[in-house]
Amino acid sequence: MSNYLQDLNTEQQKAVIQINGAIMVIAGAGSGKTRVLTYKIAHLLKNGIRPFNILALTFTNKASKEMRGRIDKIVGGELSKSLWIGTFHSVFSRILRSESEKLGYPTNFTIYDTADSKSLTRSIIKDLQLDKEVYKVGTIQNRISSLKNNFITPQGYNNHPELLQTDTKAKRTEFGRIYHLYQQRCFKSGAMDFDDLLLNTYKLLTEFPEALYKYQNTFEYILVDEYQDTNHLQYLIIKKLAARNENICVVGDDAQSIYAFRGANIKNILNFKIDYPDYKLYKLEQNYRSTKNIVKTANSLIKHNEKQIEKDVWTENKEGESIIICETATDNDEGKLVANTINGLLSDENYNDFAILYRTNAQSRALEESLRKMGMPYKIYGGLSFYQRKEIKDLLSYFRMVINPKDEEALKRTINYPARGIGATTIQKLLITSNENNISIWEVISEIEKYNIKVNSGTKIKLESYVTLIKSFRSQSEEKDAYDLAEHITKSSGLYSLLKSDTSPEGVSRFENIQELLSGMQDFTKNYDGDSTPILSEFMKDVALLTDTDNEKKEDFNKVTLMTIHASKGLEFPYVFVVGMEEGLFPSMMSGNSQSDLEEERRLFYVAITRAEKRLFLSHSNIRFKWGQYIDSDASRFLSELDQRYVSKKNFVKSNTTEISPQKIFAKTKNNYKKTYPAKGFKKISNTNHNIQRSDLTKLKNGQLVKHEKFGTGKIINLEGEGGNKKATVFFNGIGNKQLLLKFAKLEILK
DNA sequence: TCTTCATAGTTTTTT
DNA sequence: ACTATGAAGA
């Protein structure tokens, strides 16, 4: 234990023992990055730095938990307990809980998750009566988020000609108003979204010198993991906090930067040199994780990226086996192949030695099915998380109303669920009044007499009884513990009986989820180690920041892991399968536009490859079931970028396990354009000459007469887009112009 | 006001 | 295939 430094190589040691100053560690995949961070923190503690003066920021909750655990093992649990370790969001939400009043927020502010933000944006677009084709919720939401992450306020936006011009061009002239209203309505709801947690932290540090002073002094030593994935706002916060002591250590790998789409900014690495000219750079290049073949394959791939920091990852590990590339006929075959291969390798390995990685969550289905058929245990990460399920969000919304009744999204979810006869029209009226007076809906309905709302007396009584219900919950929030109150709310709100009465399989599972949440709360209450009663607000503090990966169950230990590549960052497995190596899927067709997007996809593949310790299997399928159709797919360009010396190819296309008739498989055209096949069991739509229509649509020309099931006869007046995204503008008699996506539109070509 | 049915749009990755 | 929305019926 005292010789913990011996576990490190020379370069790692150097990075660990330098206590003061600015340090950047560029760490290749599998080079012991986490080890350096944990040992470094342990080293700081050994040298008398007090744990509450150390701030370590990680990318996921899981990573922070793991890091704390590892530090425990070196220095003992007591010391590690008071370290500030967590994700940016969790650490800063903790700080904001005690400082938010300075910014005008209540200390019990709600954290809006993505669904809440989206719903609020939708509501604003509706209120402003904007065209939701032009103002797409997702696009607007992304834009708001990216502005916030660059510290551009609504005012800042209005003074930014370039940004204004972008929106004018896109005919979204009202964007600024939406953004402004979004912020306003979050604020009056006492709510912060994910981005606000960072934004308000930065505001706190810039506008309140005493707060800045306090936290600069608290955080004598700052360490940041996955630095390549930090965004501009995170950069600003770190810089601010470190400005006093300048003891900052960032660890990252530019080759593994895979969150640019979310605003991660690779410039942060470059800026580091400028901000801390005396910084020390350490490069960890020895890989301890993978075989030579795997390391070399990964290197040969990433070489194709132009933008990168020079480094040479190598390993002393043995050669290992070749990387296997498999071609299969269908995605189901791919699933079977993976399951069979795992089965073959299983002899003395455990299920948890295997991971199946994919680009999109939707791909998990076929894999799940084959694993299930083989009777193999597996666990899936991602997809719809527990906390995002409707029934859980519904119940949590009641809890949120207890903590902070101004929470508009929670109110909208609970006010008429279970149904109380308070419909959309009433809610709309309330919303208008609340917006006019710049107060929350709760304030309107709890003093309904004060506001002249045109609802009939029956509705008014219903509203009053809702208020009484919530108030009765609130009055118990300080005395009852979280579990008791939660159980009480579940029953008195009517949710319990409503869900119990639904005996459909989905209904039963919803009911079980509620019970699972409650039993989780029971555990929380029992195991609470604070001084006071574990009340509901204590439980609710971080719920919005939790994800499924955070509470891994014991029974999930020995299972095959299925997850997206993004989710696999930081993990390692002896055997890794990367499936769906196909053009349009990986690289994703959304990234086809720019060089930088493509480079990010390539880095993503690099991450996937470097998860493997012993063996790596890459597979692609000729036909994939997607959007209710079979789609032809070509092998990913990334496969041909790999150094072929380390790769061996297998072909499973002629396998007789295929469920599709041979004609269809070999009907694949030589040209590259996608040809689709009707899916089996695709009953209703394909009653007419569905097939013929589809393939002919690629030959559409301007002026062509077409027939649409609903709109009747029309004329093509414009065509745009490529391949699967080809869009046609059609003029229909008596209806006008319609934009139709060819892949969905049921158009018939007329002579 | 609530429920049901039909249809239109959608799928990249996540704290 | 799935979800979200909107219109029509109860």
Side-chain angles (χ1 to χ4, degrees), chain A residues 57-64 86-93 111-115 117-119 122 126 132-133 136-138 142 145 149 193-198 226 229-231 233-234 258-264 357-363 365 381-385 387-388 390 416-427 455-456 458-459 462 542 544-550 563-569 580 584-592 597 600-601 603-604 607-608 625-629 679 681-682 684-685 709-710 724-725 738-741 743-746:
Chain A
L57 296 166
T58 62
F59 196 69
T60 61
N61 292 310
K62 197 179 174 192
S64 65
T87 62
F88 280 85
H89 292 85
S90 72
V91 167
F92 296 140
S93 81
I111 300 174
Y112 274 180
D113 68 13
T114 338
S117 304
K118 227 174 156 182
S119 145
R122 189 175 292 122
K126 208 171 171 183
K132 53 184 182 182
E133 292 301 304
K136 292 213 167 112
V137 182
N142 283 340
S145 172
N149 282 313
D193 67 12
F194 286 145
D195 305 318
D196 285 333
L197 293 175
L198 305 177
E226 310 282 11
D229 286 324
T230 51
N231 63 36
L233 192 48
Q234 289 167 329
I258 54 174
Y259 283 95
F261 74 93
R262 206 170 89 186
L357 308 180
Y358 35 77
R359 179 71 237 276
T360 66
N361 279 308
Q363 288 166 258
R365 287 202 162 204
Y381 291 100
L384 198 56
S385 101
Y387 296 98
Q388 288 167 347
K390 184 185 175 304
N416 198 33
Y417 186 80
R420 300 191 174 87
I422 306 171
T425 6
T426 309
I427 295 171
V455 291
N456 58 41
T459 311
K462 288 172 191 162
D542 294 326
L545 301 173
L546 292 180
T547 54
D548 277 0
T549 25
D550 297 336
M563 56 168 66
T564 63
I565 303 167
H566 281 90
S568 77
K569 192 171 78 162
L585 186 60
F586 195 16
S588 155
M589 64 177 177
M590 313 297 267
S591 71
D597 285 352
E600 174 146 316
E601 294 284 307
R603 291 193 295 269
L604 190 58
V607 168
F625 191 66
K626 202 178 178 185
W627 299 326
Q629 299 177 333
F682 213 71
K684 283 179 190 164
I685 299 169
E709 264 187 7
K710 200 175 140 216
N725 286 321
K738 288 273 167 196
Q739 292 229 324
L740 303 166
L741 259 182
K743 90 181 137 179
F744 295 121
K746 285 158 241 155

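Chain identifiers are assigned alphabetically (A, B, ...) following the order of the sequence lines, protein sequences preceding nucleic acid strands; residue numbering begins at 1 within each chain. Bear in mind that the values here come from a model prediction, so they are computed numbers and not experimental data.
- If you take CD of Gln363(A) and C1' of dC2(C), they are 17 Å apart, rounded to a whole angstrom.
- Between Asn416(A) and dC2(B) there is a side-chain N or O to OP1 or OP2 distance below 4.0 Å.
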Checklist line | Worked check of side-chain contact (heavy atoms from CB on, under 4.5 Å) between His89(A) and Leu198(A) | finding: CA-CA 7 Å; His89(A) 292 85; Leu198(A) 305 177; 4.1 Å; yes

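- Minimum atom distance to the side chain of Arg365(A) is reached by dC2(C), of the listed dG6(C), dT15(B), dC2(C).
- Rounded to an integer number of Å, the gap from Lys136(A) NZ to dT11(B) C1' is 13 Å.
- Comparing Ala362(A) and Lys462(A), the nucleotide of DNA chain B nearest to each residue sits closer to the 5' end for Lys462(A).
- Residue-level contact check: Arg603(A) touches neither bases nor backbone, having no heavy atom under 4.0 Å from any strand.
- Atom NZ of Lys126(A) and atom P of dT5(C) are 8 Å apart (whole Å).
- Distance Tyr381(A) OH to dT13(B) P: 18 Å, rounded to the nearest Å.
- Under the stacking definition used here (centres under 5.5 Å, planes under 30°), the residue Phe261(A) fails to qualify as stacked on the base of dT12(B).
- Taking only side-chain atoms of His566(A), from C-beta outward, the nucleotide of dT15(B), dT1(B), dT13(B) with the closest atom is dT13(B).
- Put simply, CG on Leu604(A) is 10 Å from P on dT14(B), counting in whole angstrom units.
- Relative to the side chain of Ala419(A), the nucleotides dT14(B), dC2(B), dA1(C) differ in distance, and dC2(B) lies closest.
- Projected onto DNA chain B by closest heavy-atom contact, Ile258(A) and Thr426(A) fall at different nucleotides, the more 5' of which corresponds to Thr426(A).
- Across all strands shown, Phe59(A) has heavy atoms under 4.0 Å from sugar-phosphate atoms exclusively, and none from any base.
- A distance of 12.5 Å separates OH of Tyr387(A) from CG of Asp113(A), quoted to the nearest 0.5 Å.
- Contact check, Thr564(A) against dT14(B): a side-chain N or O comes under 4.0 Å of OP1 or OP2.
- Using a 4.0 Å heavy-atom distance criterion, Tyr259(A) is classed as a sugar-phosphate-only contact.
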Notebook entry, point to check: Step by step, would you call Arg359(A) with Thr564(A) a side-chain contact (heavy atoms from CB on, under 4.5 Å)?
Noted result: CA-CA 6 Å; Arg359(A) 179 71 237 276; Thr564(A) 63; over 6 Å; no

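- With rounding to whole Å, Ile422(A) atom CD1 is found 14 Å from dC2(B) atom C1'.
- Contact annotation: Asn361(A) reaches the phosphate of dT14(B) (side-chain N/O to OP1 or OP2, under 4.0 Å).
- dA4(C) and dT13(B) have their P atoms separated by 15 Å, with the value rounded to a whole Å.
- Distance CG (Asp229(A)) to P (dT15(B)): 12 Å, rounded to an integer number of Å.
- Nucleotides dT11(B) and dG6(C), compared at atom C1', are 23 Å apart to the nearest Å.
- Side-chain atoms of Asp195(A) do not come within 3.5 Å of backbone N or O of Asn149(A) as any donor-acceptor pair.
- Nearest to the side chain of Ala567(A), among dT13(B), dT14(B), dG6(C), sits dT14(B).
- A tilted orientation is assigned to the rings of Phe59(A) and Tyr259(A), their planes being inclined by 30° to 60°.
- Comparing dT12(B), dT15(B), dT1(B) against the side chain of Ser588(A) picks out dT12(B) as the nearest.
- Rounded to whole angstrom, the span from the CZ atom of Arg359(A) across to the C1' atom of dT13(B) amounts to 5 Å.
- Applying side-chain contact (heavy atoms from CB on, under 4.5 Å) to Ser90(A) and the options Leu545(A), Thr58(A), Leu57(A) leaves one that passes, Leu545(A).
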